[in-house]
Amino acid sequence: MTTTSGRPAPTTRDRLMTDRDAGFEAFWMLRLAFTVAPIAFGLDKFFDILVEWEIYLADDLVRWLPGDATELMYAVGVIEIVAGVAVFLRPRFGSLLVAAWLLGIIVNLLVVNDFYDVALRDFGLLLAALTLARLAAKYDPDPLLTRPAILRH
């Protein structure tokens, strides 16, 4: 198929991968944000440079889980680093992992009763992570979930 200008019509892949595709750009912006932020915040759980993270933990959560608040924050840091790496390597999976993690954070913050503003912010981040999952379905299809062309009819 050719266009009226005589050039071949762009393929779907060409249209998806062009720098002018706003959806593709949004996919990469969210992918970068949800790679860097969880890794940075996860690392900070070990150093408390940005904030003393234990203040965000619900007391009941600390009582129910083994270890103290500091040890729990170390575990949280490891999970966040893994989530950030997962977003970079497998955005369709990693974005859902981040969304689930954010949901857990929101529930924890609502139980604490002092951080409703942070819970609302994290709800916005949860929606952004779900948006990344939808964009990843289009711009970074998982080869394990996509049937080879020879099997499509």
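The chain is numbered in sequence order, starting from 1.
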Do [X] and [Y] have side-chain heavy atoms sitting under 4.5 Å apart?
X      : Y      : answer
Leu61  : Val111 : no
Tyr56  : Val51  : yes
Leu65  : Glu71  : no
Ile79  : Trp101 : yes
Leu102 : Val98  : yes
Tyr116 : Leu109 : no
Trp28  : Tyr139 : no

>> Pair Asp48, Glu54 - check side chain to side chain contact (heavy atoms under 4.5 Å, CB included), show working.
In response: CA-CA 9 Å; Asp48 287 338; Glu54 289 84 3; 3.7 Å; yes
> Can you check side chain to side chain contact (heavy atoms under 4.5 Å, CB included) on Leu96 and Leu130, steps first, answer last?
Replying inline: CA-CA 7 Å; Leu96 295 175; Leu130 293 173; 4.1 Å; yes
Spatial distance of atom [atom1] ([X]) from atom [atom2] ([Y]) [nearest 0.5 Å]:
X      : Y      : atom1 : atom2 : value
Thr131 : Leu135 : OG1   : CG    : 6.5 Å
Thr35  : Leu30  : OG1   : CG    : 10.5 Å
Leu103 : Leu125 : CG    : CG    : 13.0 Å
Phe115 : Leu110 : CZ    : CG    : 12.0 Å

Group every Ile, Leu, Val, Met, Phe, Trp and Tyr by side-chain heavy-atom contacts under 4.5 Å, then state whether [X] and [Y] land in the same group.
X      : Y      : result
Phe47  : Ile81  : yes
Leu72  : Leu50  : yes
Phe34  : Val85  : no
Val118 : Leu127 : yes
Val78  : Phe41  : no

Looking only at heavy atoms, what is the nearest atom pair of [X] and [Y], with distance?
X     : Y      : value
Ser95 : Ala129 : CB-O, 3.5 Å
Leu57 : Val112 : C-CG2, 3.7 Å
Phe27 : Asp140 : CZ-CB, 3.6 Å
Lys45 : Gly77  : CG-CA, 3.6 Å

> Got a sec, which residues hit salt bridge (charged side-chain N to carboxylate O under 4.0 Å, His left out) with Asp60, two or more places apart in sequence or on another chain?
Replying inline: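 Only Arg63 meet the salt bridge (charged side-chain N to carboxylate O under 4.0 Å, His left out) criterion with Asp60.
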>> With side chain to side chain contact (heavy atoms under 4.5 Å, CB included) as the test, pick out the partner of Glu80 among Ile105, Asp44, Leu43.
In response: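 Of Ile105, Asp44, Leu43, side chain to side chain contact (heavy atoms under 4.5 Å, CB included) with Glu80 is met by Ile105 alone.
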>> Under the rule for ring pair (Phe, Tyr, Trp, His ring centres under 6.0 Å), what residues qualify as partners of Phe46, not counting sequence neighbours?
In response: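 Residues passing ring pair (Phe, Tyr, Trp, His ring centres under 6.0 Å) with Phe46: Tyr74.
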